[in-house]
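To keep things clear, I will list the structure first and then write my remarks on it.
All of these numbers come straight from a predicted model, not from anything done at the bench. Chain identifiers are assigned alphabetically (A, B, ...) following the order of the sequence lines, protein sequences preceding nucleic acid strands; residue numbering begins at 1 within each chain.
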2 protein chains.
Amino acid sequence: MTSNAKQGENSVPHPEVPGRPCSAAAALQLVGERWALLAIREIFYGNRRFGQIVRNTGAPRDRLAARLRALEEAGVVERRAYSERPVRFEYHLTEAGRDLAPVMHALLAWGDRWAVDTPPVAFRHRGAPGSEHAAEHDLDLKSTCRTCGEEAGAGGLTIDVRAPGWDRSGPVEGS
Amino acid sequence: MTSNAKQGENSVPHPEVPGRPCSAAAALQLVGERWALLAIREIFYGNRRFGQIVRNTGAPRDRLAARLRALEEAGVVERRAYSERPVRFEYHLTEAGRDLAPVMHALLAWGDRWAVDTPPVAFRHRGAPGSEHAAEHDLDLKSTCRTCGEEAGAGGLTIDVRAPGWDRSGPVEGS
DNA sequence: GAGGGTGGGTTTGAAAATCCAACTGTCATG
DNA sequence: CATGACAGTTGGATTTTCAAACCCACCCTC
């Protein structure tokens, strides 16, 4: 199911994807099934117990159990016993899991704009205590290019397909 | 299926979500089904025809037809005839669809780091012609807070749940 | 020590979604 | 007239999903 070629220490399985080789497709293979991202959302919010996640996502218990297992196997969540006798676990995010924050924020921002009437949650941001932005304010994300500092908006972007046998428009004939 | 309360001019249907009211859940309701984001990826890449999207995503034809219809209904893609006789359509992104770019980029970045061996595609970025960053370079996104300019990393964030009857940890009893 | 409650799942059976291959219909081209 | 492209649709088997019920280990109270 997974092609574990050359994975680093803390890496997650590298899924194979149908169609074009694509990191987004690979990401979706790992966290794109129904309920997966909602479960991760709850863990982000600090709700780590099975019952809480069921309640707050509305997922069927059996599906959630299956997803959490898959996410564990994918290296995105980690199961920690918080009690022996009876054995009880809670779910934590791994580094890979925490690294999904930008995905969640992007989805949230899109949903705020396009999929809901009034945003049901907001994030408040506070800079470092001494800094000039120590006052709390609503978080309003934009994506900027780390190397040039400019906002990466509409234009100025070109695709560079590096996977052999593929280009922007599909599989390449002569290969 | 949708609670069309007070939608703006160019808005998409506002889906109801199970569990906690959440814009990300609403977003996933619209674009979270299998193949949907991959189809959108192809349209981003300029591949607008059914056959191309099938080929490049690997989706079953019937599923893709269903997804494209759902995405159209969701206001994310638009179907334009590029030929009468025979009637043929191609798929374009609406503004809502184009606005999914940050979601795609976030997924791509996560996948680049965690889900693939070597990134199969990269984006090249070039600033405005006169600007100091006119040279082309790899796009490397970071999320910064629009109001304070700081990178929105790990700390400094608090959740503010505004949906009535809910808080960070779940539904509120006394209501 | 019987009964009830909690937490974390698993089981069951029916409904829905998915997959794949083959098929259709409309046209253009040779 | 045969072939092929394009854009789907159809049929039938296979998987997933769902909701509700159930199970098990433990704790608490009476």
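- With sequence neighbours left out, the salt bridge (charged side-chain N to carboxylate O under 4.0 Å, His left out) criterion links Arg34(B) to no other residue.
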Between protein and nucleotides 20-22 of chain D, what N or O pairs are separated by less than 3.5 Å?
none

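- With sequence neighbours left out, Ser143(B) forms a side chain to side chain contact (heavy atoms under 4.5 Å, CB included) with Leu141(A).
- Scored by the salt bridge (charged side-chain N to carboxylate O under 4.0 Å, His left out) test, Arg80(B) finds Glu78(B) as partners (sequence neighbours excluded).
- Judged as a side chain to side chain donor-acceptor pair (under 3.5 Å), and not counting sequence neighbours, the contacts of Ser23(A) are Asp112(B).
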Check nucleotides 25-29 of chain C for protein N or O atoms closer than 3.5 Å to its own N or O atoms and list the pairs.
from	atom 1	to	atom 2	distance (Å)
dG25(C)	N2	Arg88(B)	NH2	3.4
dT26(C)	O2	Arg88(B)	NH2	3.4
dC27(C)	OP1	Arg85(B)	NH1	3.3
dC27(C)	OP1	Arg85(B)	NH2	3.2

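- Each of Arg79(B) and Arg63(A) was assigned the nucleotide of DNA chain D with the nearest heavy atom; the assignment lying further toward the 5' end belongs to Arg79(B).
- For the pair Tyr91(A) and dG9(C), the criterion of a side-chain N or O lying under 4.0 Å from OP1 or OP2 is met.
- Residues passing the salt bridge (charged side-chain N to carboxylate O under 4.0 Å, His left out) test with Arg124(A), sequence neighbours excluded: Glu136(A), Asp138(A).
- For the segment residues 18-55 of chain A, the set of residues with a heavy atom within less than 4.0 Å of an atom of DNA chain D comprises Arg34(A), Trp35(A), in numerical order.
- Residues forming a side chain to side chain donor-acceptor pair (under 3.5 Å) with Arg20(B) (at least two apart in sequence, or on another chain): Glu42(A).
- Shown here are the side chain to side chain donor-acceptor pair (under 3.5 Å) partners of Asp62(A), two or more places apart in sequence or in another chain: there are none.
- Put simply, CG on Leu64(B) is 12 Å from P on dT18(C), counting in whole angstrom units.
- Summarising the geometry of Ala39(B) relative to Leu64(B), their closest heavy-atom pair is CB-CD1, 3.9 Å, with the distance given to 0.1 Å.
- Not one N or O on the side chain of Asp99(B) forms a donor-acceptor pair closer than 3.5 Å with the backbone of Trp110(A).
- Partners of Tyr45(A) according to the ring pair (Phe, Tyr, Trp, His ring centres under 6.0 Å) rule, which considers only residues two or more places apart in sequence or in another chain, do not exist here.
- Not counting sequence neighbours, the partners of Arg79(A) by the side chain to side chain contact (heavy atoms under 4.5 Å, CB included) test are Arg69(A), Glu72(A), Phe89(A), Tyr91(A).
- In this structure, of dC6(D), dG8(C), dT10(C), it is dT10(C) that holds the atom nearest to the side chain of Arg69(A).
- Rounding to whole angstrom units, CZ of residue Arg67(B) and P of dT9(D) are separated by 14 Å.
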